[in-house]
Amino acid sequence: MEVTRRDLFKLSGLAAAGVMGAGALAGCAPKSPAADAGLAETGAADAGLPEFLQAPEPITDFADTKEFDIVVIGAGESGLAAVHTALEGGAKVACVQNIGTAQTTGNMGASVDTTKTDEAGIQACVGFLMEKNAYRSNRKLLEAWARNSYEAVTWWAETAAAGGVESKPYDSDREYNGYAYSLHANTYNHMEGAHNAAALVICDALAAKGAEFFFNSPAVQLHKEGERVDGVVCETENGFVLFKGAKGVILASGDCSGNQEMRDYYCPDQRGFKGASSFRDGMGMMAGVWAGAQMTPVNHSKMVHGGGALTRLELPFLNLDIHGKRFMNEVLSFAYLNNLMRGYLEEYDFENPMAAKFFTIMPANWVEIGEQWQAAYPGEVKFNVGNMKLPTEDQFVRGETFAELAANMNAYMKADEWNIDPIDEATIVESIEAYNELCATGVDGQFGKRAAFMTPIEQGPFFAVPRGANIVSAVLGGLTVDENQQCLNADGEPIEGLFAVGNASGQFYGGIDYPMDVEGLSVGRAITSGYVTGRYVAAL
């Protein structure tokens, strides 16, 4: 074969899918709908498609062809869940994976506990998520998650436990518009490898039940017979192999957070943040677009984390930026902090994600104060998220005086290789003293923080908690799908044989950021969509 996977990205002169013949990637259409469709339909600019959306020539020469009922692309949460229910439905299933192992990210998966939640509660939870997602979500997808997530995450936890990986459940009761609903999550923070430890034993269990896994076999194109997607072409050590799926192909290939060009195109406001997972390269979504599927319109939602348990410390003490100055009302979920960081990233030409870091300044009695706040305002004050380990003082910067604390903050930044200019230590001291003076008045005339949280930094020793949201964990857009997770073309019609689940699918999220108000939602959504779709496709 002359065509390599790298070559697929060099064919920039081709009209999107215009070169495709019958039986190949783009079917019989003279040109792809993506080439003519506008921004509202594809997320692509009319002025011209970026290179990654321009379809390559079809691969037609295969070293081997393998026949299955269902082919799942990706062995993460959604892919493994799809494999499971497809097997349960009696299908012969293949799962192709671009790396050498099953791989998931995250550490908890959320669900609506339908054993404790009535119909009004389900609708309340869906309504809450619609609000958090700026009313851009497909409500049918949210409802599908709410009704099926408990069954799905329970299966995940039980299967993992049978393989020796026990979840530590986390349950919480919520209310929206006067209606109560209960959430249940699996958590794996206590495990080495976190959530992926569960995925590995689940993968082994599925293989033992007859699923065939093909690792180090990245998908590079979808295959079509007429207008129907009937397989996927993978690059293997033996050449290109066609995996045929008589009932359908399920894209469970994850998001595009490891593909800088796609990230910048679909989620431009994440510029400058560090990527987390290079293997989530967006290839599955690209192949879907080349086959006529549509991407969710920009701007895609994003999940920006960083700093582990320290980042998730939501105690509204004084926050100081990389210049040693207060810069915000400190009552803000860590999931949204990244939106305050772009100016600092720009100072370093968007080339140093550590510029998005900051420090929370706390007194010695921070736990006592935090517990009082939490009792009065449990929705706004958190020591951690779910079952994550509590931050400990040995992770903090310490100083007996404000001046010593300031000096140690600079020493910490240097040792941790933030690669930013040292902070003027006098500015740090002045900022803390000015904040204490503001607290004495009981009124935040600077950023409008609630008076109850205006507590001075008085009791030493003093602590500076290094925090910041500087890592893009996921870009949450994906291909547009209907309530069955079936991919849609430019006319909004289902594409025969092609489904997308988890973060390869879109319209579940819609806000600027991933709503961490429902902890573990992304993983729970991924498991659920794969779980339901695998069963659905097997029944076709």
Side-chain angles (χ1 to χ4, degrees), residues 76-78 80-81 84-85 102 104-118 121-122 124-126 128-129 132 142 144-176 179-206 303 305 308-309 311-314 333-335 374 378-379 381-391 473-474 502 514-532:
E77 294 99 344
S78 58
L80 294 174
H84 161 66
T85 53
T104 69
T105 53
N107 42 50
M108 60 192 301
S111 68
V112 176
D113 187 342
T114 49
T115 68
K116 300 178 181 178
T117 305
D118 62 14
I122 288 175
C125 182
V126 170
F128 172 75
L129 290 175
K132 283 294 178 179
L142 298 182
W145 165 77
R147 297 186 192 285
N148 296 282
S149 54
Y150 186 73
E151 177 185 350
V153 302
T154 298
W155 158 76
W156 182 278
E158 290 176 349
T159 307
V165 180
E166 294 277 354
S167 162
K168 287 186 177 180
Y170 178 73
D171 297 290
S172 60
D173 295 321
R174 305 294 180 89
E175 184 180 289
Y176 182 71
Y179 299 102
Y181 58 94
S182 296
L183 299 178
H184 168 80
N186 306 329
T187 76
Y188 296 93
N189 302 288
H190 57 289
M191 296 293 302
E192 184 176 350
H195 197 273
N196 200 56
L200 294 176
V201 298
I202 289 172
C203 182
D204 289 343
L206 294 174
M303 182 189 298
H305 292 171
T311 300
R312 291 155 174 81
L313 186 70
E314 296 182 15
S333 169
F334 80 91
Q374 189 176 52
V381 178
K382 299 176 184 176
F383 285 83
N384 63 346
V385 171
N387 283 335
M388 290 195 71
K389 295 179 181 177
L390 291 173
S473 301
Y514 167 70
M516 272 301 298
D517 309 77
V518 182
E519 296 95 344
L521 178 58
S522 184
V523 174
R525 173 263 184 137
I527 294 171
T528 304
S529 60
Y531 188 89
V532 174

Taking C-beta and beyond as the side chain, do [X] and [Y] meet within less than 4.5 Å on heavy atoms?
{"X": "Ile202", "Y": "Trp155", "answer": "yes"}
{"X": "Leu183", "Y": "Val112", "answer": "yes"}
{"X": "Glu77", "Y": "His195", "answer": "yes"}
{"X": "Lys382", "Y": "Phe334", "answer": "no"}
{"X": "Leu206", "Y": "His84", "answer": "yes"}
{"X": "Trp145", "Y": "Leu129", "answer": "yes"}

Donor-acceptor pairs under 3.5 Å, side chain of residues 522-531 to any protein atom, not counting sequence neighbours: which ones?
| residue | atom | partner | partner atom | Å |
| --- | --- | --- | --- | --- |
| Arg525 | NH1 | Gly502 | O | 3.2 |
| Arg525 | NH1 | Asn503 | OD1 | 3.1 |
| Arg525 | NH2 | Gly502 | O | 3.1 |
| Arg525 | NH2 | Ser505 | O | 2.9 |
| Arg525 | NH2 | Ser505 | OG | 2.9 |
| Thr528 | OG1 | Gly524 | O | 2.7 |
| Ser529 | OG | Gly502 | N | 2.8 |
| Ser529 | OG | Arg525 | O | 3.1 |
| Ser529 | OG | Ala526 | O | 3.2 |
| Tyr531 | OH | Glu151 | OE2 | 2.9 |

Identify the two heavy atoms, one from [X] and one from [Y], that lie closest to each other, and give their separation to 0.1 Å.
{"X": "Val201", "Y": "Gly163", "value": "CG1-O, 3.7 Å"}
{"X": "Gly121", "Y": "Tyr181", "value": "O-CB, 3.5 Å"}
{"X": "Leu521", "Y": "Ala110", "value": "N-CB, 4.0 Å"}

Check your understanding: Counting only heavy atoms not in Tyr179, do more than 12 sit closer than 6.0 Å to its OH atom?
Key -> no
Point to revise | Set of side chain to side chain donor-acceptor pair (under 3.5 Å) partners for Asp204, sequence neighbours left out | key: none
